[in-house]
Number of protein chains: 2
Amino acid sequence: MSTETEAPVVVSVDLGARSYDIVIGPAILGSAGVEIARRIPGTRAAIVTDANVAAAHLRTLRDALSAAGIGHEVVTIAPGEKSKSFATLQDTVDAILAARLERGDTVIALGGGVVGDLAGFAAAIVRRGMNFVQAPTSLLAQVDSSVGGKTGINTGHGKNLVGVFHQPRLVLADTAALDTLPPREFRAGYAEMAKYGLIDRPEFFAWLENNWKDIFAGGAARVEAIARSCRAKADVVARDEHEVGDRALLNLGHTFGHALEAATCYDSARLVHGEGVAIGMALAHRFSARLNLASPDDAERVEAHLREVGLPTRLSDVPGGLPDAEALLAYIAQDKKVARGALTFILTRGIGQAFIAKDVPISQVLSFLEENLAP
Amino acid sequence: MSTETEAPVVVSVDLGARSYDIVIGPAILGSAGVEIARRIPGTRAAIVTDANVAAAHLRTLRDALSAAGIGHEVVTIAPGEKSKSFATLQDTVDAILAARLERGDTVIALGGGVVGDLAGFAAAIVRRGMNFVQAPTSLLAQVDSSVGGKTGINTGHGKNLVGVFHQPRLVLADTAALDTLPPREFRAGYAEMAKYGLIDRPEFFAWLENNWKDIFAGGAARVEAIARSCRAKADVVARDEHEVGDRALLNLGHTFGHALEAATCYDSARLVHGEGVAIGMALAHRFSARLNLASPDDAERVEAHLREVGLPTRLSDVPGGLPDAEALLAYIAQDKKVARGALTFILTRGIGQAFIAKDVPISQVLSFLEENLAP
Ligand SMILES: NC(=O)c1ccc[n+]([C@@H]2O[C@H](COP(=O)([O-])OP(=O)(O)OC[C@H]3O[C@@H](n4cnc5c(N)ncnc54)[C@H](O)[C@@H]3O)[C@@H](O)[C@H]2O)c1
Ligand SMILES: NC(=O)c1ccc[n+]([C@@H]2O[C@H](COP(=O)([O-])OP(=O)(O)OC[C@H]3O[C@@H](n4cnc5c(N)ncnc54)[C@H](O)[C@@H]3O)[C@@H](O)[C@H]2O)c1
Ligand SMILES: [Zn+2]
Ligand SMILES: [Zn+2]
């Protein structure tokens, strides 16, 4: 890797007074103190992280903050989706208050999407809103969850049902920090990256087909892929910050995916989010072909690429078996308004041509699921 | 009371796209369904209330909603400040989700400031933000807490330290509903009303001195007093929604008041918030006179009026005794930045001439407290 390619890439998210930069580079955590101090002079900080990430990257961030004179405390939570709970939220809020941070101080999320969603929510509600900085360390967090300001926790009624929009002041994506990420988590994040190509950037999808090995290896291609993904998400968010319109396109693959996550009890040993999304995207393309909206060739091309990088694409890829089609449909309907027997789905007319379909008949979803469950 | 005076008065809060009406009148709860349906067509609702208020006013609100075809569920919490907790927040959120309300549906707070702060926070975080309507039933809530969008709960670290800004879509202040309010609570709310006069409306304070008996009795004077108070608060909020500037003037009397509440362990048998504010306002005027900022005559006039309506004005009015001046000062410093031995205080140059003083020496606060504690 040449020195040139190591210069960080900056993607800016355009939200008027709340605009912010996503700074992407292979060692950007080491510059965190300087980057934060430049944007929030005089701030103190609370770093929220999980035990896995702390072991690998906390030292680097703390040293960087200290070098820039940013006093800070650390709040470490247990790794995993279970930490997106009221109990952990309360503990995190209490720890931030115990550190006597003020409204002008900063909460820094160092970790994957779980840490980011939880810490962002805590930052939004302590003293009615503190500064928030994302330092995402999973690929999923770098290309998806750290951008756009959605924060929140889960409840017994479903995932992400409680939270607020709270935009970060800065996102620092250290692409070399991904080297310690388990390969399965890297692949899961890759599914969200491919999603941006499938929604409306066919040339990006084609580029991924040709460059995915370099992205997995690290270096300049990884930085470029993450930057292009952030650009894609930032554009959607700038158009529709609060998801009243086409931000919903980002849910491509997620209707099926969420149902599979629920059906496997959010057990990450069986299925992680990005794997559910990979299967969901393959199904969304196949379903669109089946409805004669898109060519079956596109569905095959999507499936072939996802399988090539090692992602699951079929219902039968889910280990431990699935409930029947009626039960899967019930999971799909759970967190959606079912209006007059129809559902809203993200469908496609081909690679890079996704759209929001508001009146998909439940009966067609059901028979499609039955076909796909058949051995 | 003539029919004319019964026509509701509308005060509008000017916040651009988030502007809303405060509708004030002696039987406005009975029109709640119509008022809500007009502004949020097709909405369903969850009413959050406390057991005291439910006994007196829930039936009226439910009938009004049903008559307008607004399907609704009821969430009843325990009365009292203790309900502004993470535990009650979680219960409330769960109940709203169990009712399967969507983002376009509405949370209605029917009660005092406790219900309003809690329900508003729940509305802000369920599905990242539902519609919120305030139906305040205490005088304090009608003239203060229901206007301006501050929501939140308490933690072990202090009051109102966790929450968000979430503006209501509508405030419905039923002035006749105050007839069931305990007289002590009515007086406490009156203190906040007097506060608006003391901040920057000397003519309003003079009007209150002449009309307070009519306000306590109910009828047109009460509607007018509440409307003028809402206008005063709405003006401040429109200028400085997120309290980065002179919204802090609303804290007149509150620095001393909060310290007294903390020193009496938030035990409402000893001191309710508005009583703390009454003593705090009297002290703020006396302290300003002592610093030669204002005439002692003004301090005496403030004290005389508050005593006339039955409010406490002196440290010795707090039943059960107080800790010493050092301890009170520690409470004052607790939720404030103490910069270089100085505190921010709301002081005054006379009635209706309050201002934010940023560098009040701690030593002067201390000796003032010592004098006022002396028997
Ligand atoms: N806010 C949003 O817009 C948004 C968007 C998509 C997903 N999400 C949320 O994101 C969450 C999923 O995010 P995730 O996949 O990052 O999960 P995660 O945070 O649980 O991270 C996955 C695992 O990788 C570990 N890890 C993270 N970075 C590491 C590193 N550099 N080295 C070693 N281990 C590391 C974590 O400890 C964890 O065990 C879900 O809760 C989902 O709801 C939010
Ligand atoms: N959000 C804001 O901007 C803001 C501003 C000021 C105060 N507050 C908060 O408001 C709260 C205090 O509000 P409050 O004084 O209304 O307290 P409250 O809600 O506890 O009400 C006081 C008592 O009166 C009862 N009550 C209310 N209306 C009644 C009625 N019509 N008939 C019979 N009983 C009735 C309640 O059950 C309660 O017992 C505090 O938590 C304070 O922090 C918030
Ligand atoms: Zn996703
Ligand atoms: Zn008050």
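Small disclaimer: the values here were computed from a predicted structure and weren't measured. Chain letters run A, B, ... following the sequence lines, proteins first and then strands; every chain starts at 1.
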Report task. Calculate, to the nearest 0.5 Å, the distance between atoms CG and CD1 belonging to A:Leu161 and B:Ile125 respectively. Result -> 11.0 Å
Report summary line: For residues 39-48 of chain B against chain A, heavy atoms under 4.5 Å, the residues are none
Query raised in the report: Got a second to check how far B:Glu243's CD is from A:Arg103's CZ, nearest 0.5 Å?
Result: 6.0 Å
Report summary line: With chain A, the option among B:Val126, B:Ile153, B:Thr151 that has the most non-hydrogen atom pairs under 4.5 Å is B:Thr151
Query raised in the report: Does anything in residues 86-95 of chain A get under 4.5 Å of chain B by heavy atoms, and if so which residues?
Result: A:Phe86, A:Leu89, A:Gln90, A:Val93, A:Asp94
Requested in this report: Could you look at A:Ala98 and say if it's the side chain, the backbone, both or neither that has a heavy atom under 4.5 Å from chain B?
Outcome: both
Requested in this report: Please answer whether the main-chain N or O of B:His242 pairs with a side-chain N or O of A:Arg128 as donor and acceptor at a distance below 3.5 Å.
Outcome: no
